[in-house]
Every structure is written in structure tokens, then in C-alpha cells.
2 protein chains.
Amino acid sequence: MSFSITEENYIKAIFHLQQAEGNVSTNELAAELHTKAASVTDMLKKLKAKKLLSYEKYKGVRLSNEGKKLALAIVRKHRLWEYFLVDKLQFGWDEVHEVAEELEHISSKKLVEKLDAFLGYPKFDPHGDPIPDSHGKMAVQVQVNLIDLPVNRLAEVSGVGSQSTELLELLKHKHIGIGTRLEIKRKFSFDHSIEIKIRNQNPFTISQQLAQALFVKPV
Amino acid sequence: MSFSITEENYIKAIFHLQQAEGNVSTNELAAELHTKAASVTDMLKKLKAKKLLSYEKYKGVRLSNEGKKLALAIVRKHRLWEYFLVDKLQFGWDEVHEVAEELEHISSKKLVEKLDAFLGYPKFDPHGDPIPDSHGKMAVQVQVNLIDLPVNRLAEVSGVGSQSTELLELLKHKHIGIGTRLEIKRKFSFDHSIEIKIRNQNPFTISQQLAQALFVKPV
DNA sequence: AATTATTTTTAGGTAAATCTAAAAATAATT
DNA sequence: AATTATTTTTAGATTTACCTAAAAATAATT
């Protein structure tokens with residue numbers, strides 16, 4: 001069975017949204033896909049008929065095993081292409097997403113497998129997200145202390161080492177939160193401070209104490 | 001301005017058909033695109049409004065400069081991707097066309113330029129067809145190895161790769177000489193032998209070794 | 001030149017994916 | 001529990017690319 005680009009985008013969006021919560025609502029989907037709730041309802045009926053998800057009126061939606069399989073195949077393609085663009089074509093990691101959104105819909109199975117081999121079966125994409133293998137299995141992302149993150153390796157803040165108001169005050173001031181994506185540009189051995197860069201911001205330095213209080217994933 | 005995949009396929013088809021003849025007819029296009037004449041008429045009106053071609057009722061169609069530019073950009077992408085698939089991903093040259101038909105519609109200009117650089121600015125694709133450069137210019141095909149001649153492309157034998165008596169003996173036996181016109185009907189990947197057809201003769205097969213020893217000029 | 005055959009266009013309709021506006025169901029609040 | 005607010009669905013239209021069948025234009029043949 002084959003699916004349209006639109007159908008694939010719905011499946012992918014549901015997949016991402018249901019990571020956080022269980023069932024995904026019509027409005028959430030409409031927001032994610034920049035469309036209207038009425039359009040979503042129509043499409044959900046269609047995808048239900050194709051057995052990609054379970055859906056009952058007013059009760060939200062959840063992917064079937066078939067749907068998950070399809071979602072993982074699309075995510076796999078998306079992340080492999082991102083890896084290709086950065087590693088082989090010298091794109092910056094912050095400019096590959098749009099292109100990969102198009103490339104992920106190229107259908108050839110053989111292409112995906114050969115691309116994977118050509119790239120050396122990478123486990124993580126340039127943003128640090130795990131790449132599903134040909135069976136849909138993803139490597140587990142281990143949490144690393146920010147102080148141990150290698151230079152120039154993109155990571156996402158995934159946790160903090162304490163809940164103290166002092167720490168939170170500092171994080172708020174620096175605009176760092178869970179999900180903030182950053183990379184280390186330099187490490188200074190004198191005081192173990194590190195210079196970090198957040199997308200669209202100028203690099204700035206943080207102390208060893210702060211770095212040790214932050215956990216990131218991966219790489 | 002941006003164009004749908006369907007529109008791009010029309011432009012590409014017109015480009016290829018008008019190489020041979022001047023104006024392209026509605027029926028020719030319908031056959032090429034596996035659609036019906038009525039659908040073609042509809043689309044021609046649309047493409048005319050977008051200034052990609054000149055079209056007058058019942059008089060066939062011809063690409064404008066804009067249209068040619070677009071066609072060359074698509075052909076460029078198609079052939080670069082074919083080169084990538086064969087050269088980097090180890091596809092056979094006979095299994096890349098379908099995949100390239102999808103990849104040629106990826107829109108990112110930056111991707112095309114970076115891919116071209118990554119591949120080392122190749123001048124010909126794996127079928128021996130010239131790859132337009134970023135300005136739309138194509139290398140002139142002087143002589144091509146017979147093994148690289150596209151299927152169903154009429155060509156004239158223009159040279160041999162060696163002067164050995166063994167080769168000449170074989171050529172004499174097969175009635176092949178300088179100036180002989182032939183075309184390839186099939187290529188067999190098992191032993192890379194090819195089936196060729198010479199005017200007024202039944203097709204026959206020649207070995208990879210012989211094909212590689214022959215140079216031809218497309219007519 | 002008149003008739004026949006072919007090609008091309010028009011007219012009217014379908015399916016996919018979208019929309020707006022209104023109705024129905026669910027959730028939140030008084 | 002009743003009312004209000006929000007979410008979701010239905011109903012009816014629109015756009016793109018396609019279709020069939022009939023009409024119009026062009027080409028071929030007698």
C-alpha cells in the first residue's frame with residue numbers, strides 16, 4: 001500500500017504528538033499541520049479506513065502498529081537525509097530540516113538502505129535525535145552531563161541537577177530550559193568554564209557549576 | 001514562482017519532445033505523460049498563463065525561455081541524482097531512473113549546488129547524457145562509448161578503442177564499421193552485454209568487451 | 001472540392017485535500 | 001444541575017488534476 005505526502009505528514013505529526021501525551025486531539029493536529037480542525041477530521045476518517053490509526057469521534061486518535069511502522073520509516077528517512085546533508089554536503093545542522101521534509105517522502109526502499117550503508121549506519125542525526133534502523137528500532141538516548149559534552153556536538157537540555165530556586169533563577173535569566181538546544185564552542189581549562197551557543201544567539205560563557213547542573217541528550 | 005510536480009513533469013516532457021521536432025502536439029504529450037488529450041489541453045492553458053510556454057489552439061506548443069530554464073533545472077537535478085545513485089550508492093545504471101524521477105522534484109537550490117560539488121561537477125550522467133551546469137549549459141557530446149549510449153538512441157559508429165586484428169576481424173564479421181548506424185535495444189545487467197539493432201537487420205547481442213571498444217556519436 | 005478521418009478543444013463531472021460556517025458533543029464554570 | 005465555553009464534527013464549496021463524451025477544427029482521401 002502506498003500513501004500520499006499529505007497522509008504521511010499526518011502520520012508523522014501524530015507520531016510526534018503522541019510521544020508526549022497518549023491520545024492526540026484534533027486541534028493539536030490542526031495546529032501542528034497548519035490546517036483547520038475540519039480538515040483534520042476528514043483526514044482521520046480516511047486514515048482510519050486505511051487502518052493506520054484508531055479513531056473514534058470526539059475521542060482523539062492513536063496510531064495502530066501499522067501506523068507506527070509507517071511513522072518510523074518516515075522518521076528514519078528524514079534523519080538519514082539530515083545526516084547526509086550535514087556530513088556529506090556540508091550543510092549547517094540548522095538549515096537541513098526543510099530539505100529533509102521533502103526528501104523524507106521519496107519512496108524507494110532500496111534508496112534508504114543504500115543511503116544508510118553509505119553513511120555508515122549512523123545512530124543519531126545532526127540534531128542528536130536517534131535514527132530508527134531498518135526494523136524501526138532506535139538507540140536509547142543516554143543523558144550526559146553538559147560538562148562532558150564534546151565540543152561542537154549539538155545537544156538538547158533534558159534535565160537539571162537540582163530544583164533549587166537559585167538555579168532556576170539563573171536558567172531563566174540565561175533563557176535556558178528543558179528542550180533548549182545548544183552546543184559547546186570552547187572549553188576553558190583555567191576555571192572549567194565553557195562557552196556555549198544557542199541557535200540564533202551569540203555564544204556566551206557559563207560556569208563549571210552551572211554546566212554540572214545541566215543534563216543534555218545525547219550525544 | 002513555484003510549480004507543482006505535475007507542472008514540472010509537463011515542462012520536462014515538452015522539453016524532451018521538442019528536441020526532435022519543433023512544436024509538440026497535444027496527443028504526443030498525452031502519450032508521453034500517460035494521460036488524455038483533454039487533460040493536456042487544460043494544463044497547457046495553465047502553463048501558458050504562467051508564461052512557461054507559447055500555445056495557440058490547435059497549433060501545438062513550444063517552451064518559452066522561462067520554460068526552457070525550468071526544464072534544464074529539472075533535467076540537471078535528474079541527472080545529478082542519477083550520477084549520485086550510481087557513483088556513491090552503487091545502484092546499477094539501469095535501476096536509477098524511477099528514483100531520479102522522484103528526486104528531481106526536490107526544490108532546494110542549495111541542495112543541487114552542493115550535490116554537484118560533492119560529486120565533482122560531473123559532465124555526463126550514467127547513461128551518457130550531458131548534465132546541464134548551474135547556468136543550464138550542457139557539454140557537447142562528442143564521442144560516447146557504446147556501452148554508455150542510452151537505449152533507443154540512434155548513433156553512428158565514430159571510432160574504435162583499439163586497432164587489434166582480433167577486434168577488426170570481429171567487426172568485419174558483424175558488418176560493423178565507421179559510419180554504421182545503430183541503436184541499443186536492451187542492456188543486460190547479468191554480463192553487461194547489449195542488444196543492438198542496425199537498420200534493416202534483426203537485433204543481435206554483442207559482448208561488454210566489444211561494446212567498450214566502440215565509440216559512437218548520437219545522430 | 002467534398003467527404004471522411006483524425007486531432008484538439010469544450011463541456012460537464014469526479015476525487016483529493018482544503019476551506020468557512022453552522023450544528024453537535026464534550027468540558028468548564030457558575 | 002444549568003449555563004456557558006470550547007472542541008469537534010458535519011454540510012456545503014473551492015481548487016487541482018484528472019476523466020468521458022460530444023463538438024469543433026484541422027488533415028487526409030477520394
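All values reported here derive from a predicted model rather than from experimental measurement. In the text below, chain A, chain B and the rest are named by the order of the sequence lines, each starting its count at 1.
The phosphate of dT9(D) (OP1 or OP2) has a side-chain N or O of Y55(A) nearer than 4.0 angstrom. Distances shorter than 4.0 Å separate some side-chain N or O of K45(A) from OP1 or OP2 on dT10(D). At the phosphate of dT7(D), neither OP1 nor OP2 sits under 4.0 Å from any side-chain N or O atom of S25(A).
When distances run from any side-chain atom of T41(A) to the nucleotides dT9(C), dT10(D), dC18(D), the shortest one goes to dT10(D). Counting only heavy atoms from C-beta on, Y58(A) has its side chain closest to dA25(C) among dA25(C), dT9(C), dC19(C). Closest to the K36(A) side chain, of the nucleotides dT20(C), dC19(D), dT18(C), is dT20(C). Nearest nucleotide to the N27(B) side chain, out of dC18(D), dT8(C), dC19(C): dT8(C). Each of dT9(C), dC19(C), dT26(C) was ranked by its minimum atom distance to the side chain of D42(A); first place goes to dC19(C). Among the nucleotides dC18(D), dT8(C), dT10(D), the one closest to any side-chain atom of A38(A) is dT10(D).
At least one donor-acceptor pair under 3.5 Å links the side chain of D133(B) to the backbone N or O of G136(B).
For F118(B) and Y83(B), the ring centers sit 6.0 Å or farther from each other.
Other residues, nucleotides and ligands contribute at most 12 non-hydrogen atoms within 6.0 Å of the NZ atom of K123(A).
If you check every strand for non-hydrogen atoms under 4.0 Å, S39(A) touches a base. Heavy atoms of K59(B) sit nowhere under 4.0 angstrom from any nucleic acid atom.
When each of D129(B), V216(B), V144(B) is paired with R153(B), the side chain to side chain contact (heavy atoms under 4.5 Å, CB included) condition holds for D129(B) and for no other.
Annotation for E104(B) and N9(B): closest pair OE2-OD1, 3.7 Å, computed over non-hydrogen atoms.
Computed from coordinates, the K57(B) NZ to dT10(C) P distance equals 4 Å when rounded to whole Å.
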DNA chain D in dot-bracket form (Watson-Crick or G-U pairs under 3.5 Å, [ ] crossing, | inter-strand) is ||||||||||||||||||||||||||||||
Begin with the C-alpha distance, continue with both residues' side-chain angles, and end with the deciding distance and a verdict on side-chain contact (heavy atoms from CB on, under 4.5 Å) for L111(A) and F91(B). CA-CA 9 Å; L111(A) 172 58; F91(B) 271 79; 4.3 Å; yes
